[in-house]
Amino acid sequence: MTTWLSIGILFTFAAIAFVIYRWGNMQCIGVTPVRKFTFIAILFTSGLDVGLIMFPLTEFAGYADLATSPEYGFSNPLAIEFGFWACLIWAFYFLTCFYFCVIEPRVKYFEIPLIKFINNVVIIGTCAFTAYLLLTNLPWYLPQLGDGETVVSSFYLIVFMVIAASVYSSTSIRYVRYLSLGSTWLFFGLIAVMWSGAFLSDDSSVGEFFTTFALIGDYFGNIHNFVLPINDYHEFYLFWWFAWSIMIGQFTARFVGGMKTYQVLLAMMVFPSIPIAIWFTVLYYYSANGIDTSGFYNLAMVIVGVTFVINSLDSLVRLYTDNLNLTVERFGKVPYIVGNVVVLSGLTLLFKLDFLQIQWVGALAIALILSCFAYILKSHYRKVRSIELSPKENEIDFTKIELAD
């Protein structure tokens with residue numbers, strides 16, 4: 001699995017370099033273009049899930065334990081956390097976003113029945129894994145509802161309601177802008193609340209924030225260490241990112257609003273990384289200084305995490321139901337909602353039982369990416385080589401999102 005993952009990573013970065021060299025100044029226009037801030041909000045909230053909110057506080061100590069994991073010794077825990085979540089790996093999303101915006105309309109590889117089926121297996125599996133992550137992290141953040149370790153019935157109910165809300169919101173694409181912008185502002189609000197609680201207290205100062213924030217700079221000096229798997233846990237993360245990459249690219253490609261290709265790459269790598277860096281800095285300060293987050297702060301993180309899950313699942317459910325023609329228009333709203341809730345709830349339980357693993361889903365995604373490249377070389381090389389513009393039918397019209405169903 002490690003070799004397969006490494007092949008996928010190296011191919012991805014080589015492909016990104018070629019895309020920038022060949023089409024770097026080309027204007028990218030999706031089928032439902034939106035303004036830049038809205039696009040970044042959609043990308044950020046669709047491309048991340050509850051793990052961004054809930055994982056770091058449980059991981060910093062592990063990255064600091066060099067006796068158990070000496071492979072982390074090249075950097076500090078904050079830089080390692082940032083490297084697992086930000087900057088370089090967002091380039092995965094850029095490659096697939098560019099492909100689905102510019103190349104797929106000419107190639108139509110993902111319309112081949114077998115490929116469409118495999119792609120939707122990846123999407124549905126990742127949907128369920130997202131809900132599973134929420135389920136398994138709730139005991140740590142809401143110990144008052146249980147013993148702090150065991151998943152109890154209340155947590156199952158919360159996840160079920162989140163899945164139901166996500167499926168309902170997926171019934172109309174008009175919800176995506178409001179949900180994405182709302183999730184983004186909620187996240188910024190959470191950062192502000194927890195930042196003020198840590199750095200404006202009597203025994204702290206704003207200067208300590210910048211001192212802590214500076215630790216992230218070590219990531220850029222060691223960025224080469226994050227390209228290939230550091231260990232099994234990093235490998236898990238990288239497979240997870242691959243599992244998301246195709247579907248997030250497919251979803252966000254429709255919203256690109258006229259940016260040039262290199263601007264899309266910068267937007268995807270830089271803009272999401274800034275709030276992630278600030279957020280991780282705040283959390284690391286809490287962790288390093290033993291500041292208690294129980295009660296209000298944990299509840300606030302759960303609320304924002306739930307919002308992120310709803311936003312992510314909304315995007316993914318809409319994507320696979322459109323791909324498989326399992327739409328509201330075809331079946332009606334009630335059968336659509338019931339069917340998707342049942343499927344996602346069942347698959348979430350399979351992850352809980354360790355019957356499924358996200359590594360398998362990520363490996364499938366790598367296979368799709370590599371097979372797509374082979375298909376282009378074999379059948380559409382000249383057509384792709386001659387591309388100079390986004391599809392002609394795509395025009396910059398920011399009112400389309402208001403008219404979409």
Side-chain angles (χ1 to χ4, degrees), residues 1-16 42-56 59 63 79-100 119 121-133 219 223-253 264-265 267-273 275-277 279-280 308-309 311-313 315-316 319 351 356-370 372:
M1 291 285 278
T2 303
T3 301
W4 184 244
L5 175 61
S6 298
I7 291 171
I9 293 169
L10 294 175
F11 170 81
T12 296
F13 287 122
I16 291 169
I42 291 172
L43 167 69
F44 183 69
T45 53
S46 300
L48 290 170
D49 59 18
V50 68
L52 175 74
I53 306 297
M54 294 185 165
F55 270 24
E59 293 178 330
Y63 300 148
I80 290 173
E81 190 75 51
F82 182 78
F84 280 23
W85 281 94
C87 199
L88 193 63
I89 49 180
W90 282 76
F92 291 7
Y93 291 171
F94 160 76
L95 181 63
T96 54
C97 178
F98 176 84
Y99 171 81
F100 281 103
N119 185 38
V121 167
V122 170
I123 296 172
I124 297 170
T126 309
C127 278
F129 184 71
T130 299
Y132 160 77
L133 287 180
Y219 162 77
I223 195 169
H224 57 283
N225 288 310
F226 294 93
V227 174
L228 297 178
I230 298 170
N231 56 18
D232 288 345
Y233 194 60
H234 189 210
E235 185 173 301
F236 154 77
Y237 260 103
L238 291 170
F239 271 123
W240 186 11
W241 281 94
F242 266 113
W244 277 87
S245 63
I246 295 178
M247 54 196 171
I248 293 301
Q250 188 174 358
F251 181 71
T252 57
V264 177
L265 174 61
M268 288 189 158
M269 292 182 65
V270 175
F271 287 108
S273 296
I276 290 174
W279 171 240
F280 285 177
F308 267 42
V309 173
N311 195 95
S312 298
L313 292 184
S315 306
L316 303 185
L319 186 58
F351 274 109
L356 295 175
Q357 293 185 17
I358 195 62
Q359 290 91 326
W360 304 346
V361 181
L364 268 179
I366 293 173
L368 286 174
I369 292 171
L370 295 177
C372 179

Sub-4.5 Å side-chain heavy-atom contact between E235 and M1: yes

Y132: partners by side-chain contact (heavy atoms from CB on, under 4.5 Å), with sequence neighbours left out: F129, T136, T348, F351, K352

Pairwise side-chain contact, W90 with W241, heavy-atom cut-off 4.5 Å (strictly under): yes

Check against side-chain contact (heavy atoms from CB on, under 4.5 Å), I9 and V227: CA-CA 7 Å; I9 293 169; V227 174; 4.0 Å; yes

Rounded distance (nearest 0.5 Å) linking atom CG of L368 with atom CG of N119: 6.0 Å

Beyond-backbone contact of L133 with F55, side-chain heavy atoms, under 4.5 angstrom: yes

Interatomic spacing from CZ in F226 to NE2 in H234 - rounded to 0.5 Å: 7.0 Å

Donor + acceptor pair across side chains of Y233, E59 (<3.5 Å): yes

Side-chain (W4) to main-chain (A363) donor-acceptor, under 3.5 angstrom: yes

Non-hydrogen atoms of M269 and L88 that approach each other most closely: CE-CA, 4.0 Å

Where L313 and C127 come nearest, the two heavy atoms and their spacing: CD2-O, 3.3 Å

Derivation and outcome, side-chain contact (heavy atoms from CB on, under 4.5 Å), residues I16 and F94: CA-CA 8 Å; I16 291 169; F94 160 76; 4.1 Å; yes

Distance, nearest 0.5 Å, that separates CG of D232 from OG1 of T2: 6.5 Å

Nearest heavy atoms of N225 and I230, plus distance in Å: O-CG1, 3.4 Å

Between Q250 and T96: side-chain donor-acceptor atoms closer than 3.5 Å: no

For the student: nearest non-hydrogen atoms of I358 and A243, plus distance: CD1-CB, 4.0 Å

Distance-only side-chain donor-acceptor flag, W85 / Y237, under 3.5 Å: yes

Ring centre gap for F236 and W240 strictly below 6.0 Å: yes

Heavy atoms of other groups near F11 CZ, more than 12 under 6.0 Å: yes

Contact summary for F82 and A277, nearest pair of heavy atoms: CE1-CB, 3.6 Å

Taking every non-hydrogen atom, the tightest pair across L5 and P229: CD2-CG, 3.5 Å

Nearest-0.5 Å distance that lies between atom CZ in F100 and atom CD1 in I248: 11.5 Å

Side-chain heavy-atom pair T130, W244 within 4.5 angstrom cut-off: yes

F92 ring center near F13 ring center (under 6.0 Å): yes

F84 side, atom CZ; I276 side, atom CD1 - distance, nearest 0.5 Å: 14.0 Å

Y99 vs C372, side-chain contact (heavy atoms from CB on, under 4.5 Å): CA-CA, chis, key distance, verdict: CA-CA 10 Å; Y99 171 81; C372 179; 3.2 Å; yes

CD1 on I369 to CG on L364, rounded to 0.5 Å: 11.5 Å

